[in-house]
There are 2 protein chains.
Amino acid sequence: MNEVRTIAGKNGRRAPRAREVADSLTRAIHEHRLGPGMKLSEDEVGEIFGVSRTIVRAALQQLSHDQLVMIEPHRGAFVAQPSVREAREVFEARALLEPRTARSAAERATPADIAILRRHIAEEHAALAEGRDGQALRLSGQFHLDIARIADQATIAEFIGQLVSRSSLVIALYWRRRNALCESHAHDALVKALAEGDGPLAEDLMKGHLLDLLSSLDLREAPAQPRSLKEALGGE
Amino acid sequence: MNEVRTIAGKNGRRAPRAREVADSLTRAIHEHRLGPGMKLSEDEVGEIFGVSRTIVRAALQQLSHDQLVMIEPHRGAFVAQPSVREAREVFEARALLEPRTARSAAERATPADIAILRRHIAEEHAALAEGRDGQALRLSGQFHLDIARIADQATIAEFIGQLVSRSSLVIALYWRRRNALCESHAHDALVKALAEGDGPLAEDLMKGHLLDLLSSLDLREAPAQPRSLKEALGGE
DNA sequence: GGCAACAAGATCGTATACAATAGATGATTG
DNA sequence: CAATCATCTATTGTATACGATCTTGTTGCC
């Protein structure tokens, strides 16, 4: 848990630091450097980022609102461990939101938007090629968020952002096959549809892509061993 | 602004108080006792509820995440004033989520669920009859949230809860005709469809209901005079 | 008379200190 | 030897204190 500091190095400006801490933690969760069930002690996190517990608490509350961490009263904050049921719900919500949003995005996408998407996909491929699986996963989620933003729907984008985050936890818990490459092509096809302004196709592709993602999970069994802290240390 | 204390009276238990404060404020906003643009000073709110600024800050941050209040750095927290654009986004998101959710609810609703819905509708009518418009509005929103819960979709229910809250602000800003009765019948029809387990009908009714709601707003003009604090006081 | 610079006041941002609770450790007893 | 209970430590919940920043009222100058 000691390689989380990512952004924490310089605290040159005195901007709202809680946001920074929350973002760092969110990123760490997205990249699977923090796994489900890990305890986030206020003192510990505070020391890592060089801030007071006040800031850490604010950050953890934010993450709690995004359902990324569970705060148990008088116990502490833990990275969330979505149940099978929650996992299904997350993907059902995505199925409701994302296809139609992809269609809107296709109707509005500008060449600049397409360029950004292609760049993110390229980064994702590069990360995968270099074995930085965590970053690849995060960028893969970023792609979905980009589409929502292209659709020019800030509210829906916010929801999708939360869902993508939670999906990252779901994947950490229920992922079946480790060769995650399959979905890259789905993203490529989607970008193509967006570039051509083909709304209905984009909607269909997104719907199928989400179904593929869901079917690549193993949601029939128990939480795939909810790792406790000692287990995390024991594996080392 | 001094009739907000609703729940604050007795602080007998020492449960997580930030949640209580947040809930009270949320309720006050739902009932239009706190209007868009009102300033929520930390000291003031803290004094009203008899808690420290620490608690108030946590509560305000929660509301900020729900987009119910805007926190401007070094300025303070204000009840949000959704722009025309945000107002549209809120209803577009609802249009994506609620109809399908209503369909699911129709397929799962138990007699007990229907009873709860009918009870809430009855309360809503009663509140309207007695001129307690604010509570009627809140209960009207509660109805939509109930449906999401009946659909057994906690995640989507959470989103709809946020959207309903924001809708309350939108209504405060852009409501055109004051005779709010029209929608009651829509709710009655919806309950009927749910009771009969008619999913497609429920979906259609919900879609139409949301369109009606949207069309009863005046979203063509500027923020319908974003009431400043002095205006709020001047009207009294 | 209007505008700009300055000072005073208020409010927020953060850190720290204290109180309360949960969990662990060890002793004690059946 | 196992189970239970008391104490003790570690961590969270809350309040308060201090420093930073913005707003506002005033003053002086143009």
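Note: hydrogens, waters and symmetry copies are ignored here, and every other heavy atom, side chains too, is used. Residue numbers start from 1 in every chain, and the chains themselves are labelled A, B, ... in the order their sequence lines are given, proteins ahead of strands.
Computed from coordinates, the A:F49 CZ to C:dT14 C1' distance equals 17 Å when rounded to whole Å. Straight-line distance from the NE2 atom of A:H74 to the P atom of D:dT12: 11 Å, rounded to whole Å. Across the protein-nucleic acid pair, A:D43 atom CG and D:dT9 atom C1' stand 13 Å apart, rounded to whole Å. Between B:E47 atom CD and C:dA10 atom P there is a gap of 14 Å when expressed in whole angstrom units. Taking atom CD of residue A:E72 and atom P of nucleotide C:dA22, one finds them 12 Å apart after rounding to whole Å. Regarding B:I71, its CD1 atom lies at a distance of 14 Å from the C1' atom of C:dT11, rounded to whole Å. Between A:L40 atom CG and D:dT11 atom C1' there is a gap of 14 Å when expressed in whole angstrom units. A:R19 places its CZ atom 13 Å from the P atom of C:dG13, with the value rounded to the nearest Å.
Side-chain contact between B:Q135 and B:E130: absent, with no pair of heavy atoms (C-beta onward) separated by less than 4.5 Å.
Residues A:A148 and A:I160 come closest through the heavy atom pair CB-CD1, 3.8 Å. For the pair A:P36 and A:L173, the tightest heavy-atom approach, listed with the atom from each and the gap, is CG-CG, 3.7 Å. Across every non-hydrogen atom of B:H32 and B:I171, the tightest pair is CE1-CG2, 4.1 Å.
Note: A:H65 and B:H65 have parallel aromatic rings, judged against thresholds of 30 and 60 degrees for the angle between ring planes. A parallel orientation is assigned to the rings of B:F143 and B:H187, their planes being inclined by less than 30° (bins at 30° and 60°).
Taking a pair as Watson-Crick or G-U with both hydrogen-bonding distances under 3.5 Å, the stems of three or more pairs touching DNA chain D are C:1-30 with D:1-30.
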Stepwise salt bridge (charged side-chain N to carboxylate O under 4.0 Å, His left out) check, A:E31 with A:R27: CA-CA 6 Å; A:E31 295 183 354; A:R27 194 181 171 112; 3.6 Å; yes

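Residues A:T110 and A:D113 bring a donor and an acceptor atom of their side chains to less than 3.5 Å of each other.
Non-hydrogen atoms lying under 4.0 Å from DNA chain D are contributed by B:R53, B:T54, B:I55, all within residues 53-68 of chain B.
With salt bridges taken as basic N to acidic carboxylate O contacts below 4.0 Å, one links A:D152 and B:R85.
Between D:dT12, C:dC12, C:dT21, one nucleotide has an atom nearer to the side chain of B:K39 than all others, and that is C:dC12.
For B:R75 and D:dT24, the shortest distance from a side-chain N or O to OP1 or OP2 is not below 4.0 Å.
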